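Counting begins at 1 with the first residue of the sequence. All values derive from a computational prediction rather than experimental measurement.
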Amino acid sequence: MRRPRTSVSETSLWRDRPFVLTWTSSAVSQFGDRVCEVAVPLIAVGLLDASAAQVAWLTALAWAPHLLGLVLGAWVDGRRRKRRVLVVTDLVRAGLLLSLPAAYLWGTVTLAQLYAVALLTGLAGVVAGCAWQPLFARLVPRASYVDANSKFSAARSASFVAGPALGGGLVQALSAPVTVVVDALSFLASALLLGRVAVEEPAPAARTGAAVPALLRDARAGLAFVVRHPVLRASLGCCTTVNFFTFLAGTGMVVLFADRVLHLSPGAIGLTLGVGATGSLAGALTAPWLSRRIGVGRAVAVGAVLFPAPFALAAVAGGPAWAAAGCLGGAHFLVGLGVMWFDVNLNSLQTAVTPDALRSRVTGAFTTVNYGVRPLGALAGGALATTSGLRATFVTVAVGGVLSVLWLLPSPIPGIRTLAELPAEQPEQVDRPEQPEQADQPSRNGGPSPLDNPV
């Protein structure tokens, strides 16, 4: 059976031990990721002298496994213990990351190894993302979706403030490969904390027929539900569009721009990204307020515009180091503010319209399309940066990303003010063998993906 689901106040979440352990696990892992997001590109750029195209391939390989999300989501949906899946994927990623400093100490680190680590940690991240959504739904009542997402996003945003600055400092002091150890240790800590979470997970419905056809049938059912649902369909189109364009200038490209064009030191790069990331923290903390002020749907639309638009400001960064860092940091602040207004409210909205029986499969469908487009964006960004330059790439990001809001305007999303006005979807609406009776607590995307950059 599910844990009792009741309407609780925002403060009561902090008194719930399973929620606090899960939140702490996510916060620790997110902090380590921010350090790694500075260190890994600097291994490629500084240690291995990678080109813009090679940096783009590094980003693309990290996100390529999301193309398998549709099938992996269906597979995870058939696993009873989602918490155990999360623990195992944390341990796998820790081991993969530790291979980098080990190879560095032996003098054998290569770009091929960097690519392999990016690909395999990305694959583990997709599995973890699909398992995360059902766990969130077991821990958080519907009335607290926005507040819980705000708390997870606030921790994630805080990691963007301190993590890059610490990462840049550690790279400067210890070297990039040694700094990767911090992220590996964060995964080990996350696994330890998740292992202590007590949550009841009911057995999934048994699949009928041969294993592979049943898996593919379940995957198709998740995708079909997304395509038919007006809210999920519009949100998928919006997310996919903004992801493609913002990944033309992913984290690796921003680091390359700061290093090669603005000539900032590793410490200055980390500090700039960290200071700018206070926008993410501000966005996460104010997202519930914005949704109450203008409605959940309109908050999503505002975030969809504010997220990509500031890349146009980054495109004009230049001059003395302090001015260049200030301009880049200011653009990063606004990007963070927009993405958290977008993420917190859209994640909560998607959670409220998806039935329990389809959580992992709908997540997998979103992952395949929404995140699967990221490597395509990264590769296109590498080609565009090579032919037209990084500044032109940033302008393209701003213009194309803002157009993502066009998916939302004709949909029901802008008219939705609160989650309370949305009826819970019923599992009978989907094409799947009959499910055991479950409580009416839907979920699709309860929190940030463990290895996710802003949407």
Side-chain angles (χ1 to χ4, degrees), residues 32-69 72 88-129 167-168 170-172 174-188 247-260 266 269 367 371-387 390 450-453:
D33 285 347
R34 300 298 83 76
V35 172
C36 202
E37 283 167 7
V38 175
V40 170
L42 285 175
I43 294 176
V45 174
L47 187 63
L48 302 176
D49 196 28
S51 65
Q54 289 171 324
V55 172
W57 270 105
L58 180 63
T59 302
L61 286 170
W63 290 100
H66 289 80
L67 294 170
L68 300 174
L72 291 175
V88 171
T89 54
D90 276 347
L91 295 176
V92 167
R93 285 178 284 183
L96 289 167
L97 289 170
L98 286 174
S99 72
L100 290 174
Y104 172 71
L105 293 176
W106 284 97
T108 59
V109 64
T110 64
L111 196 59
Q113 182 187 5
L114 208 60
Y115 286 162
V117 170
L119 180 66
L120 294 175
T121 54
L123 182 63
V126 174
V127 175
L170 288 174
V171 169
Q172 202 158 312
L174 302 176
S175 80
V178 176
T179 301
V180 173
V181 173
V182 174
D183 195 19
L185 292 177
S186 76
F187 277 121
L188 293 175
F247 261 70
L248 294 176
T251 303
M253 285 298 179
V254 173
V255 171
L256 184 67
F257 178 71
D259 179 77
R260 300 272 176 88
I269 293 172
T367 296
Y371 289 170
V373 78
R374 291 183 173 190
L376 301 179
L379 293 177
L384 184 60
T386 300
T387 58
L390 288 165
L451 285 181
D452 199 15
N453 289 325

Side-chain donor/acceptor pairs under 3.5 Å, residues 50-58, sequence neighbours excluded:
unit_1: S51; atom_1: OG; unit_2: Q54; atom_2: N; d: 3.3
unit_1: Q54; atom_1: OE1; unit_2: S51; atom_2: N; d: 2.9

Under 3.5 Å, which donor-acceptor pairs link side chains of residues 94-104 to any protein atom two or more places apart or in another chain?
unit_1: S99; atom_1: OG; unit_2: L96; atom_2: O; d: 2.5
unit_1: S99; atom_1: OG; unit_2: Q113; atom_2: NE2; d: 3.3

Inset, instruction - Could you please spell out the steps behind the side-chain contact (heavy atoms from CB on, under 4.5 Å) verdict for D183 and V35? - result: CA-CA 7 Å; D183 195 19; V35 172; 5.8 Å; no

Inset, instruction - Quick one: list whatever passes side-chain contact (heavy atoms from CB on, under 4.5 Å) with L67, sequence neighbours left out. - result: none

In Å, rounded to the nearest 0.5 Å, how long is the span from [atom1] of [X] to [atom2] of [Y]?
| X | Y | atom1 | atom2 | value |
| --- | --- | --- | --- | --- |
| D259 | L42 | CG | CG | 7.0 Å |
| L376 | L248 | CG | CG | 10.5 Å |
| L379 | L384 | CG | CG | 12.5 Å |

What closest approach, in Å, do [X] and [Y] show between heavy atoms, and which atom pair accounts for it?
| X | Y | value |
| --- | --- | --- |
| V117 | T121 | O-OG1, 2.6 Å |
| G32 | S186 | CA-OG, 3.6 Å |
| L119 | A64 | CD1-CB, 4.5 Å |
| P41 | C36 | CD-O, 3.9 Å |
| G125 | R93 | CA-NH1, 3.7 Å |
| D33 | F187 | OD1-CZ, 3.7 Å |

Inset, instruction - Carefully, step by step, assess V126 and L68 under the rule side-chain contact (heavy atoms from CB on, under 4.5 Å). - result: CA-CA 8 Å; V126 174; L68 300 174; 5.9 Å; no

Inset, instruction - Starting from the C-alpha separation in whole Å, work towards a yes-or-no answer on side-chain contact (heavy atoms from CB on, under 4.5 Å) for L123 and V92. - result: CA-CA 10 Å; L123 182 63; V92 167; over 6 Å; no

Inset, instruction - Any chance you could lay out the side-chain contact (heavy atoms from CB on, under 4.5 Å) test for L188 and L91, step after step, and finish with the verdict? - result: CA-CA 6 Å; L188 293 175; L91 295 176; 3.8 Å; yes

Legend entry - For T179, all residues meeting side chain to side chain donor-acceptor pair (under 3.5 Å), sequence neighbours excluded: none

